[in-house]
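Written out below as C-alpha cells is the structure these notes cover.
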Amino acid sequence: MGRVESLLFPTRKERVEERRKERSHGDVRDEVFDRATLLSVSRLVTQGFFQEVDFSISTGKEANVFRVSGPKGFAALKVYRVSNAVFRRFPPWALEDLYRTAGPGSFGRLVFAWARREFNALKRCHDSSVPVPRPRVQWRNLLLMDLVGDAEGRAAQPMIRTPLEDPARTLKELEKGVRAMSTRARLVHGDLSPYNVLMHEQHPILIDLGQTLPVEHPQAAGLLLRDATNFARYFRRFGVDCEPQEIYRRMGGRPTP
Ligand SMILES: Nc1ncnc2c1ncn2[C@@H]1O[C@H](COP(=O)(O)OP(=O)(O)OP(=O)(O)O)[C@@H](O)[C@H]1O
Ligand SMILES: [Mg+2]
C-alpha cells in the first residue's frame, strides 16, 4: 500500500490504535487532515486541480492555508477546520444564511456552507475586478484559490508584516479596492484589517472573505466604518494624514446619519 492509501485506508491495527489515541486525546478530530478532509484533498488531486501539498503557509484558529502545486502552477488551499471552535466565531449575520444553506444537521455542513460563502464572495469580487485572489474550486471544507505570491511560489505577506514603501499610496489603493468591493460587488468585507490584506509587490490584495455581507445589510455600514477607523489608526503610525470618516467615504461607505 502506498503512503497516501495507507493514510486513507488504514489497516485494522491502525484503526484500533487510532481509536485508542482518539480516546486519549479529545482533540484528534481537530487535526487539519482528518480522514474526511484527506479524502476531499485526494478528490481535488484526482480531478487535476493540483498534485502536491507543498507546505503550510499559515496555521490559524479557523483555517489552515497550504501552498499546493501542479501543472497549473502554484495555488493556495484553505482548509477550514471542522471543529466546534470555529462555530463560535461565525458572526451572527453570516449564521443566518449559513443555516439557510446548510439546513439542520451536522456541524460539518455549516463549515462547508462557510467555505462556499467565502468562495462565492471571492468569485463575485473577482468578477467585479476587486483585488482578491481568483477562486478556483470549493469542495466541502476546502477552498482552492490563486496563490498571492511571486513567480517562485513564495507567498505574499500580510500588510501588518510588510514595510510599506509609500504608505499614502498604499492607503489610496486600498480605498480604491474596497470601494470597488462596495460599489461593484456590493459587498462589505466585515473584518478588514492589516492582517487580512496581503501585500503583493506593494499592491494590496483583500483576503479572508468568509464574513462578507451585502452593502444593504443593516450592519454593513457600521462594520465598514469600524474597519476604516482601524486603518486610519494604522496609517497614522506611518505619518499619513487621514480621518476615519474620509477613509470610510472613499471606501464607498454611505453617509452615516
Ligand atoms: N491566496 C493566498 N495566497 C497566499 N497566502 C494566502 C492566501 N490566502 C491566505 N493566505 C495566507 O494565509 C493566512 C490566513 O488566511 P485567511 O486570513 O484567509 O484565514 P483565516 O480565516 O484568517 O484563518 P485564521 O483567522 O484562523 O488565522 C493569511 O494571512 C495569508 O498569510
Ligand atoms: Mg485572516
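Start at 1 and go down the list; that is how both ligands and their atoms are numbered.
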Leu198 with Leu206, same ILVMFWY side-chain cluster at under 4.5 Å: no
Structural part of Ile207 in contact with ligand 1, heavy atom criterion under 4.0 angstrom: side chain
Min N/O separation Asn196 to ligand 1 under 3.5 Å: yes
Exam field: side chain Ser193 to backbone Tyr195, donor-acceptor pair closer than 3.5 Å: yes
Val65: numbered ligand 1 atoms lying under 4.0 Å from its heavy atoms: 9 (C), 10 (N), 12 (O), 14 (C), 15 (O)
For Lys78, atoms of ligand 1 separated by under 4.0 Å from a heavy atom: 16 (P), 18 (O), 19 (O), 20 (P), 21 (O)
Residue-ligand contact Leu209/ligand 1, heavy atom below 4.0 Å: no
Those atoms of ligand 1 less than 4.0 Å from some heavy atom in Ala76: 1 (N), 2 (C), 3 (N)
For Pro133, the ligand 1 atoms whose distance to one of its heavy atoms is below 4.0 Å: 1 (N)
Close side-chain approach of Asp150 and Phe74, heavy atoms under 4.5 Å: no
Sub-3.5 Å N/O-N/O distance, Val148 and ligand 1: yes
N/O/S atom name from Asp208 that is nearest to the position of the Mg ion (ligand 2): OD2
For Leu147, the ligand 1 atoms whose distance to one of its heavy atoms is below 4.0 Å: 3 (N), 4 (C)
Residue part near ligand 1, for Thr59, under 4.0 Å between non-hydrogen atoms: neither
Heavy-atom closest pair, residues Phe238 and Leu164: CE1-CD1, 4.5 Å
Residue portion contacting ligand 1 (non-hydrogen atoms closer than 4.0 Å) for Gln157: neither
Whether Phe235 and Phe231 hold their rings parallel, tilted or perpendicular, with breakpoints at 30° and 60°: tilted
Polar side-chain atom of His189 near backbone of Asp208 as donor-acceptor pair, under 3.5 Å: yes
Backbone or side-chain N/O/S of Asn196 under 2.8 Å of the Mg ion (ligand 2): yes
Side chain Arg184, main chain Arg179, donor-acceptor under 3.5 Å: no
Met145 contact mode with ligand 1 (heavy-atom cut-off under 4.0 Å): side chain
Interfacing atoms of ligand 1 (cut-off 4.0 Å, heavy-atom, Gly60): 24 (P), 26 (O), 27 (O)
Reported CZ-to-CZ distance for the pair Phe112 and Arg116, which is rounded to 0.5 angstrom: 12.0 Å
Ligand 1 to Arg161 polar contact by distance, N or O atoms, under 3.5 Å: no
Heavy-atom check, side chain of Thr170 versus side chain of Glu173, under 4.5 Å: no
Residues Glu52 and Arg67 bridged, charged N to O under 4.0 Å: no
Sub-4.0 Å heavy-atom contact, Gly149 with ligand 1: no
Heavy-atom donor-acceptor pair, Gln211 side chain to Pro91 backbone, under 3.5 Å: no
